[in-house]
2 protein chains.
Amino acid sequence: MKATIYDIAREAGVSIATVSKVINGKGKISEERRREVMAIMERLQYQPSVIASALTGKHTYTIGLLLPDLSNPFFAEVARAVEDRGHQLGYSVVMCSTDNKDERIERYLSLLKQQRVDGIILATGIGSAEQLKKLNHAMPVVVIGREVPESNLPTVVADDWGGGKAAAEHLLALGHRRMAVFAERLSITSSRERLRGFRQAIEEAGFTLTDEAIVICDDRIDDGRRQASALLRGSDRPTAVFCFNDLLAVGVLQAAKEAGLSVPAQLSIVSFDNTILAEVTDPPLTAVAQPMTHIGASAVDLLLEEIGSKPKIKARIALPTELVIRRSTGRIVE
Amino acid sequence: MKATIYDIAREAGVSIATVSKVINGKGKISEERRREVMAIMERLQYQPSVIASALTGKHTYTIGLLLPDLSNPFFAEVARAVEDRGHQLGYSVVMCSTDNKDERIERYLSLLKQQRVDGIILATGIGSAEQLKKLNHAMPVVVIGREVPESNLPTVVADDWGGGKAAAEHLLALGHRRMAVFAERLSITSSRERLRGFRQAIEEAGFTLTDEAIVICDDRIDDGRRQASALLRGSDRPTAVFCFNDLLAVGVLQAAKEAGLSVPAQLSIVSFDNTILAEVTDPPLTAVAQPMTHIGASAVDLLLEEIGSKPKIKARIALPTELVIRRSTGRIVE
DNA sequence: GCAGCAGAAGTAAGCGCTTACCTGTATAAA
DNA sequence: TTTATACAGGTAAGCGCTTACTTCTGCTGC
């Protein structure tokens, strides 16, 4: 029913080796034969089987993308970029939303191995450097958005430190002194870097950021809101908060409104990521923009390099962030 | 380097057929042997090659999902659901953002065929019923969110008609009479159904919806905003608008604010989809909710049924929508 | 006029599995 | 004891490709 290389060969009166060669542009084939064969492939709507060719030890032209959640706009955007760049280069990409759960990660990894994907892009928290090394021993891996200290894996990250710093400087320039930070788990390097940059700018300005001012949240709107509600209730509430992603920022914004605080007159909010959410709230969010498209595309490029080349130059790409000033930040109006 | 079925067989002192049988739970194998073999697979970290088994004429355990854009929250949500259900059933899913461009659709389809995916879920506009039939001739297809009149393909849709009707009834109950509709291309059935439901409710109430009140937009915030700006400028502007998705609704909301109109006091907005965007705007949007998770999961179920069974019962699933009332709708305040 | 060679094509051995079919053995039926 | 029979397992033929190697022509160059 479906044409195979044999059908093409028979129809063209040549051997399957010849057909294979014209498909892959290898070996010496006369221009004449090449045309004939191509014409027949066209006529029979022949689609070479990636499956079969993969079995011969080559590539499957498939890569896996592990991320926490596809329905999170940040990751959706990155995923879109990975997909685009991948397809552009002839690769399919298999998406895996892990919810950051070890069990799911295990399952997906196993599935991807069975599918013999050519490599994996990890944008999700995976256990130890140890595990990662083991994984990388099995197949090429590129890590997005996180440094894995001792793993020496190719990585693409945003300039988290610089982003944190820029956020602080912006807020300082507006006269803010009492600030809070809403962070996801500080176990991941990107969060720590954002915090480090933020704190450094504050200290350089001669102020301090106490540990109490750091709130750890789940990566969800409602958790941001819940925790912000508590924080904003106090009389020594901050005049500005820096959120480590848009979801948290939305939560904080909602809490502020519920508490009757006007943004930015009484509370300034700086977010991180700059997904579509930042444009849609009211006021729209000042945010440290991550180059999501760039991140995704770079990860693919790195991965394919890894897949293709022997010399394994473990690259680490850091992409610049950019502070996008919108209306959620301003001077305090007494 | 990577263990194969031969390695397992050798190690266990059995034939590869036996190993294959224990892997797939077929044939008669003594409990004892089974355990032995399993233990060895465990020890050698054996991962059977889906590639190889696919070649034997079975499944690749991969399905393709074609959608317009992964970074659109609506589709991201559906994609997440498809992915979840798919993985749950042992399938990988390959995402393809088509931007609704024929050229991209073609490329993806060809890629998916070469990858020999077991089936395809189509959530994107594809040309004619003709093309679809041809595609379905090549492999199982399930269509999401659209009826394809003469194709007789398994389909999962939301109750668009009911959603449109509910939107109108809500607005009518609030006293609105001059209403506009912001729609994506009316060439797709779901848009037409929403419109039909909306119009029907209006007519049943004894009013009419003129063609001038129907604005066709691209599926983007800025296009919604641009067109809304023009519409809201007139003195005979509507008091309520019904948008066919959240992106358009956000655009309309932004335009309203720019025009100095307060929502809902001077303009009510009902959206469709109920993605995260609807919760995040200010005011949050009253919206006809689509059961995105349910849609995605059902599509997978339908597809796997299609893949597995001979008798081909072409199902058509219509899932209920639900009006979620938030603060973007209300009575006109003179 | 012939060795040497490059160009063009074919041969056949796998890649890692599944499966139809065959074999050998212990048990039940005759 | 002989024969049928279910069990447990093995044999080997592919699935649709790639590729190292071989073969056959027709030229070059001396």
Side-chain angles (χ1 to χ4, degrees), chain A residues 1-38 40-41 44-62 90 111-118 138-139, chain B residues 1-38 40-41 44-62 90 111-118 138-139:
Chain A
M1 56 179 350
K2 207 168 184 54
T4 74
I5 203 173
Y6 286 96
D7 300 321
I8 308 298
R10 179 166 5 88
E11 204 75 3
V14 299
S15 74
I16 60 166
T18 302
V19 177
S20 175
K21 283 169 193 157
V22 350
I23 292 171
N24 301 294
K26 293 188 175 171
K28 308 276 180 186
I29 303 290
S30 67
E31 197 45 37
E32 200 190 340
R33 277 261 173 294
R34 157 166 275 108
R35 284 196 198 300
E36 281 172 31
V37 173
M38 300 265 268
I40 291 173
M41 293 196 300
L44 267 51
Q45 300 205 59
Y46 172 65
Q47 303 269 20
S49 163
V50 172
I51 293 297
S53 83
L55 195 53
T56 317
K58 293 287 136 201
H59 306 298
T60 53
Y61 294 99
T62 304
L111 219 172
L112 293 173
K113 280 180 193 160
Q114 294 182 195
Q115 300 270 9
R116 300 292 192 265
V117 296
D118 290 337
M139 72 180 92
Chain B
M1 57 179 347
K2 207 170 185 53
T4 73
I5 202 171
Y6 286 97
D7 301 321
I8 308 299
R10 179 165 7 87
E11 204 74 5
V14 299
S15 74
I16 60 166
T18 302
V19 177
S20 175
K21 282 170 193 157
V22 350
I23 294 172
N24 301 294
K26 293 188 176 172
K28 308 277 182 187
I29 304 289
S30 68
E31 197 45 36
E32 200 190 339
R33 276 258 174 293
R34 156 166 278 107
R35 283 195 199 299
E36 281 173 31
V37 173
M38 300 265 267
I40 291 174
M41 294 196 298
L44 268 49
Q45 299 204 56
Y46 171 67
Q47 303 269 18
S49 164
V50 173
I51 293 298
S53 82
L55 194 54
T56 318
K58 293 287 135 201
H59 306 299
T60 53
Y61 295 98
T62 303
L111 220 172
L112 293 174
K113 280 181 194 161
Q114 293 181 197
Q115 301 268 12
R116 301 291 192 267
V117 296
D118 290 337
M139 72 180 91

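Within every chain, numbering begins at 1; the chains are lettered A, B, ... in the order of the sequence lines, protein sequences first and strands thereafter.
Among residues two or more places apart in sequence or in another chain, the side chain to side chain contact (heavy atoms under 4.5 Å, CB included) test is passed with A:Val50 by B:Gln114, B:Gln115. Shown here are the side chain to side chain donor-acceptor pair (under 3.5 Å) partners of A:Glu31, two or more places apart in sequence or in another chain: A:Arg35. In this structure A:Arg116 satisfies the salt bridge (Lys or Arg N to Asp or Glu O under 4.0 Å) test with no other residue, sequence neighbours excluded. For the side chain to side chain contact (heavy atoms under 4.5 Å, CB included) test, no residue two or more places apart in sequence or in another chain qualifies with A:Thr56. Residues forming a side chain to side chain donor-acceptor pair (under 3.5 Å) with B:Thr60 (at least two apart in sequence, or on another chain): B:Asp118. Residues satisfying the side chain to side chain donor-acceptor pair (under 3.5 Å) criterion with B:Arg34, sequence neighbours excluded, are absent altogether. Residues satisfying the side chain to side chain donor-acceptor pair (under 3.5 Å) test with A:Ser49, not counting sequence neighbours, are none.
Take the nearest nucleotide of DNA chain C for B:Lys58 and for A:Ser30: the residue whose nucleotide is more 5' is A:Ser30. Nearest-nucleotide mapping onto DNA chain D: of A:Thr56 and B:Ile29, the residue sitting toward the 5' end is B:Ile29.
Applying the salt bridge (charged side-chain N to carboxylate O under 4.0 Å, His left out) test to pairs two or more places apart or on separate chains, none has a residue in residues 14-29 of chain A.
Look at CD on A:Glu32: it is 13 Å from C1' on C:dA9, rounded to the nearest Å. Residue A:Glu36 contributes atom CD, which lies 13 Å from atom C1' of C:dA9 at whole-angstrom precision.
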Only pairs under 3.5 Å count here: list side-chain donor-acceptor contacts from residues 4-11 of chain A, not counting sequence neighbours, and write none if there are none.
residue	atom	partner	partner atom	Å
A:Thr4	OG1	A:Tyr6	N	3.0
A:Asp7	OD1	A:Arg10	NH2	2.9
A:Asp7	OD2	A:Thr4	N	2.7

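No side-chain heavy atom of B:Arg33 sits under 4.5 Å from any side-chain heavy atom of B:Val22.
A heavy atom lying under 4.0 Å from DNA chain D marks the following residues of residues 15-25 of chain B, by number: B:Ser15, B:Ala17, B:Thr18, B:Lys21.
Each end of the helix from C:dG1-D:dC30 to C:dA30-D:dT1 yields a helix axis from five base pairs, and these two axes differ in direction by 40° (to the nearest 10 degrees).
Taking every nucleotide of DNA chain D with any atom under 4.0 Å from a non-hydrogen atom of chain A, the first and last of them, 5' to 3', are D:dG16 to D:dT19.
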